Amino acid sequence: MKITVLSGGVGGARFTRGLLAHLGPEADVTVIANTGDDMWLHGVRVCPDLDTLMYTLGGGVHEEQGWGRRDESRRTSDDLAAYGLGWEWFTLGDLDLATHLARTELLRAGLPLSEVTRRLCERWQPGVRLLPASDDEVETHVATADGFIHFEEWWVRHRASVPAQGFVQVGLEGSAAAPGVLAALIDADVVVLPPSNPVVSIGTILSLPGVRDALRSCAGPVVGVSPIVGGAPVRGMADACLDAIGVETTALAVAEHYGLRADGGILDAWLVDTADADVVDPLRSTGWVASATDTLMVDVPATARIAASALELVRSRL
Ligand SMILES: O=c1nc2n(C[C@H](O)[C@H](O)[C@H](O)CO)c3cc(O)ccc3cc-2c(=O)[nH]1
């Protein structure tokens, strides 16, 4: 069974790890990673969501943080701060820096990000085909009252506390989905949207040319897992992102934001947490396949059960 996952952030990486645990060794999974958080810093290309997936699935992630490397140090980052360069609030760990140096070297040699990612994954063996959403630089910037700032500055420096008036994908014009991305959506037996940030992780992938249409044309079902539980994001600040685009922070509102495929949206099914079980009947009565289960990804076995529930939800359509 060919499964395609759209992913960004820590939640998407952790969900994908559980999905692989559920599927076992015969897993055939392609992950399309958000590249809107990417940026140039100290002259190296940093790709947070690609690296979070690569480290989490490759066994090198700092487990408590959910991003960056375990057994990390920050001697270089601290010394760079002594020069007054870079973002002292954004830590590039010493081991993490090796990834950025390797990626930058390969990019400078003329390889596209998708090929660079394939090369880096030869080391990490994530157990999935890991694709950047785009080989083009399409960075998410946040419109604030004081002007535009890179998403990472808003997210990390300000912890999304500065009101966002909206999000802009700089470079979207003329960009393209990376090789293999559209086919991975069209040809999938099932597409899964993990509980990633619907705006700046999933939304930024969907807005790339052709992605939404490819997803809607998939013959297999498209199932999503709500990132909102009981009116709040489980992790991160998706509520600040949803506020910025005028979407309520509820499991129902996010489902409606993605839209039912039969109504022109992108989803067929929606898995919510038991805390939001009251939205299951309303969804079903409007054509959704929906159910509720414990969706807290407390560990890999729990996450494997959530992934199994998501696939079970659409089994009749496989
Ligand atoms: O909260 C933080 N998140 C950091 N992150 C996480 C990152 O902001 C988020 O994981 C994603 O961008 C959110 O989707 C990093 C991710 C990287 O790949 C590399 C470096 C960092 C550094 C930080 C950091 O200093 N603080």
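Starting from 1, each residue takes its place in the sequence as its number. Bear in mind that the values here come from a model prediction, so they are computed numbers and not experimental data. We use all heavy atoms of the structure for the numbers below, so side chains are in, but hydrogens, waters and symmetry mates are not. As the structure lists them, so they are numbered: ligands from 1, and atoms in each ligand from 1.
Relative ring orientation between Phe90 and Trp87 is described as perpendicular, the plane-to-plane angle rising above 60° on a 0-90° scale split at 30° and 60°.
Ligand 1 is surrounded by Gly9, Asp37, Pro48, Asp49, Trp67, Trp89, Phe90, Thr91, Asp96, Glu152, Trp155, Val156, Arg159, each with at least one heavy atom closer than 4.0 Å.
By the 6.0 Å contact criterion, CD on Glu248 is open, its count of non-hydrogen atoms from other residues, nucleotides or ligands being 12 or less.
Of the listed residues (Trp154, Phe148, Trp155, Phe151), just one forms a ring-ring contact (aromatic ring centres under 6.0 Å, His included) with Phe167, and that residue is Trp154.
In the hydrophobic clustering of this structure, Val46 does not group with Leu50; members are Ile, Leu, Val, Met, Phe, Trp, Tyr whose side-chain heavy atoms approach within less than 4.5 Å, directly or through other members.
Put simply, the side chain of Thr117 does not reach to within 4.5 Å of the side chain of Leu131, judged on heavy atoms.
Val298 forms part of a hydrophobic cluster together with Val229, Val234, Leu296, judged by ILVMFWY side-chain heavy-atom separations under 4.5 Å.
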